[in-house]
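Okay, structure first, notes after.
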Protein chains: 2
Amino acid sequence: MRLTRAAEYAIRCMLYLSRQGQGVLTSRQEIAQQADIPTHFLAKIAQDLAKAGLIEIRQGARGGFILRKNPAAITLLEVVETMIGEISLNDCIARPAGCKVSYHCAVHRVWLDARDQLRNTLRQVNFEQLITDASCFLPSLHMPLEPKRLETIVSSRTDPQ
Amino acid sequence: MRLTRAAEYAIRCMLYLSRQGQGVLTSRQEIAQQADIPTHFLAKIAQDLAKAGLIEIRQGARGGFILRKNPAAITLLEVVETMIGEISLNDCIARPAGCKVSYHCAVHRVWLDARDQLRNTLRQVNFEQLITDASCFLPSLHMPLEPKRLETIVSSRTDPQ
DNA sequence: AATATATGAGACCTTATTAATCCTATTTAT
DNA sequence: ATAAATAGGATTAATAAGGTCTCATATATT
Ligand code: SF4
Ligand code: SF4
């Protein structure tokens, strides 16, 4: 498992869209600029996000991306695995055939457990929490969530460049 | 973070040595063959393990590697991080300067927590456990648990000072 | 001492993956 | 029709991993 640049960018993109709010259209250029993502790279990433049903892509003049789900319903795990595939710490988890002994390997079991634990942790984090300052900490590991902050929906209308 | 081939090989090497027992000398060739590791690659890996104090390397005719610590005192985390450095899931954890917003980034906190959790999990696993649970070696080359080839055991000159 | 054996240490090459860009086609508002 | 914006695939560039090679060094054996 490796958190690639593409995955990191995808998270930033989803963060930005979550701040805009569900259903708000934002141009690719604006997201790229605000979230510090190479525009062409973002285009490719968005295709994966769209394929996963997370965003809708509006083509043509005044096109852009639209968040399709409620931020609270989008987990960090979901976005990460959309970009890098199902998480597995050691290759032998993803492709057991790669190692001849995986069937009776004690270490294999450890990687499996650690993988599950990591995935569960990332599943507990949603984008509603992430756009709220107080949720910098994992609920289970730190403190309970504070009441959510009122989101400020920014108009999709942005001046060209 | 990525579990490289080198790290996986290091684990297998340490597993094999743990089965041999602390203080037992085993040739690089034997380990490479039994644990399915390219011999020259193992040589490089062993240097890192030696630098970390996990094994001792005996040069010259009838040379090889010797486990320096009790298997129960060696954690999986220790071996993994010897090979790939301190675990961090996202680059911004290892190099916060890489992202301009890490200081006030909620996602950053999640990666930190997940990282700590993963490290703790791997820290709880030691090689005593791993060798009693199951074998990690090729079935055809599978060796019994009891020490073999007693004549290769170096006379108790294993004073770890 | 001479020889054979085995590893040390690092340079080197080869391949794989990631990151980013480029180009043409397509879609849509005006 | 035109301009604005993304689609989608091809291509390139950069980085990292995986493995190999060579010469130096150490040790047991004779
Ligand atoms: S030895 Fe065990 S942990 Fe290593 S690759 Fe094989 S199955 Fe996985
Ligand atoms: S945006 Fe947050 S998680 Fe992403 S690289 Fe920056 S600090 Fe890390």
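As the structure is a computational prediction, the values presented were derived from the model and not from experiment. Below, chain A is the first sequence line, B the second, and so on; all start at residue 1.
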Strictly below 4.0 Å, N to O, side chains only: are B/Lys44 and B/Asp48 in salt-bridge contact? no

Between B/Arg28 and B/Glu30, does any side-chain N to carboxylate O distance fall below 4.0 Å? no

To the nearest angstrom, the CG-P distance between B/Asp91 and D/dT15 comes to 13 Å

Proximity to the side chain of B/His40 - top-ranked nucleotide from D/dT22, D/dG18, C/dC23: D/dT22

Rounded to the Å, how far apart are B/Ile31 CD1 and C/dA6 P? 14 Å

Give the nucleotide from the list C/dT7, D/dA3, C/dT21 with an atom nearest to the side chain of A/Ala61. D/dA3

Against the side chain of A/Arg28, the closest entry in D/dT6, C/dA29, C/dA19 is D/dT6

Distance check: side-chain N/O of B/Arg2 vs OP1/OP2 of D/dG18, anything under 4.0 Å? yes

Can you tell me how far C1' of C/dG10 sits from NZ of B/Lys51, to the nearest Å? 10 Å

Shortest side-chain distance from B/Gln47, nucleotide among D/dA17, C/dA9, C/dT21: C/dA9

For B/Glu128 and B/Ser18, test the side chains for any donor-to-acceptor distance below 3.5 angstrom and give the result as yes or no. no

Rounded distance (Å) that lies between atom P of C/dA9 and atom CG of B/Leu49: 13 Å

Minimum heavy-atom separation for A/Leu3 and B/Leu89, please, with both atom names. CB-O, 3.6 Å

Starting at the 5' end of DNA chain D and moving along, which residue's nearest nucleotide shows up first, B/Arg5 or A/Ala43? A/Ala43

Minimum-distance nucleotide (side-chain atoms of B/Arg62 versus D/dA17, D/dT29, D/dT6): D/dT29

D/dT6 C1' sits how many Å from A/Gln29 CD, rounded? 9 Å

Base of D/dG19, side chain of B/Lys44 - is there a donor-acceptor contact under 3.5 Å? yes

Carboxylate-amine/guanidinium proximity below 4.0 Å for A/Arg123 and A/Glu78: no

Rounding to a whole Å, what distance do you find between A/Arg95:CZ and C/dA16:P? 12 Å

Regarding D/dA7, can its base be found pairing with the side chain of A/Gln59 as donor and acceptor, where the two atoms are less than 3.5 Å apart? no

Just checking A/Ala6: base, sugar-phosphate only, or nothing, at a heavy-atom cut-off of under 4.0 Å? sugar-phosphate

Between P of D/dA17 and CD of B/Glu8, the distance in whole Å: 16 Å

Return no unless some side-chain N or O of A/Tyr9 is found under 4.0 Å from OP1 or OP2 of C/dA19. no

